[in-house]
Amino acid sequence: RDLEIPGRKEAAANIHIGINWLANVAFEHTKKIGKKVIVLGGGNTAMDCCRTARRLGGDQVKVVVRSPRTEMKASPWEIEDAVHEDIPIIPA
């Protein structure tokens with residue numbers, strides 16, 4: 001979902017809604033990503049986004065979550081896969 005935060009409109013070209021971004025990747029509208037990527041959220045979509053960003057060239061991909069890893073909504077194997085791909089999960 002979208003967030004109304006300062007600077008959101010000015011940075012719109014570089015801020016994406018997870019499920020929409022994944023669809024764009026699947027339909028090959030998006031084929032690359034910047035080197036630094038931050039994914040907000042701890043669900044399965046966030047885990048798919050971070051791993052996809054890594055595959056598209058994201059060098060410094062990080063996930064920021066509001067809760068401890070034990071309370072994340074993502075499936076345990078999705079979290080493990082992200083960790084195995086050296087994607088840090090940072091509680092805020």
Side-chain angles (χ1 to χ4, degrees):
R1 65 187 153 134
D2 208 350
L3 296 174
E4 291 191 26
I5 55 176
R8 168 67 175 103
K9 290 180 183 176
E10 295 79 7
N14 295 314
I15 298 174
H16 309 282
I17 306 304
I19 198 74
N20 297 340
W21 184 76
L22 288 170
N24 283 328
V25 172
F27 290 114
E28 298 183 353
H29 300 297
T30 300
K31 297 181 181 181
K32 63 181 181 174
I33 189 98
K35 294 292 180 189
K36 294 181 181 179
V37 178
I38 295 176
V39 176
L40 301 177
N44 287 332
T45 299
M47 297 301 104
D48 290 342
C49 286
C50 71
R51 295 174 63 222
T52 300
R54 171 75 83 210
R55 291 184 185 96
L56 290 181
D59 186 43
Q60 297 178 36
V61 179
K62 299 175 182 178
V63 176
V64 178
V65 296
R66 294 185 300 169
S67 55
R69 189 177 297 183
T70 56
E71 294 178 21
M72 287 173 55
K73 293 184 180 188
S75 302
W77 60 88
E78 291 270 12
I79 297 168
E80 289 174 28
D81 287 348
V83 170
H84 286 297
E85 291 190 41
D86 294 322
I87 300 170
I89 298 173
I90 304 163

Between A46 and G41 the two heavy atoms that sit nearest each other are CB-O, 3.3 Å
To the nearest 0.5 Å, atom SG of C49 lies from atom CD1 of I38 at 14.0 Å
What residue pairs, at least two apart or across chains, pass side-chain hydrogen bond (donor to acceptor under 3.5 Å, both in side chains) with a residue in residues 15-30? none
Counterpart residues, side-chain contact (heavy atoms from CB on, under 4.5 Å), relative to P6 (two or more places apart): none
Pairwise salt bridge (Lys or Arg N to Asp or Glu O under 4.0 Å) hits with a residue in residues 64-76, at least two apart: none
To the nearest 0.5 Å, what is the distance between CG (L40) and CD1 (I90)? 10.5 Å
With sequence neighbours excluded, residues passing salt bridge (charged side-chain N to carboxylate O under 4.0 Å, His left out) with R54: none
Going by side-chain contact (heavy atoms from CB on, under 4.5 Å), name the residues that satisfy it together with I15, two or more places apart in sequence or in a different chain. R8, A11
For V61 versus I87, what's the shortest heavy-atom pair and its separation? O-CG2, 3.6 Å
Locate the shortest heavy-atom distance separating A74 from M47; write the atom from each residue and the value. CB-CG, 3.6 Å
Report the distance from atom OG1 of T45 to atom CD of E78, rounding to the nearest 0.5 Å. 9.0 Å
In one Ile/Leu/Val/Met/Phe/Trp/Tyr side-chain cluster, 4.5 Å: V25, I19: no
Taking only residues at least two apart or on different chains, which pairs with a member in residues 81-92 satisfy salt bridge (Lys or Arg N to Asp or Glu O under 4.0 Å)? R51-D81, R51-E85, R55-E85
Under the side chain to side chain contact (heavy atoms under 4.5 Å, CB included) criterion, do V64 and V39 qualify, and how do the steps go? CA-CA 6 Å; V64 178; V39 176; over 6 Å; no
One should read off an interatomic distance between W77 CH2 and N44 CG, to the nearest 0.5 angstrom, of 7.0 Å
Kindly compute the distance separating CD1 (I89) from CD1 (I79), expressed to the nearest 0.5 Å. 6.0 Å
Same cluster or not: L22 versus I17, using hydrophobic residues (I, L, V, M, F, W, Y) connected whenever any side-chain heavy atoms lie under 4.5 Å apart? no
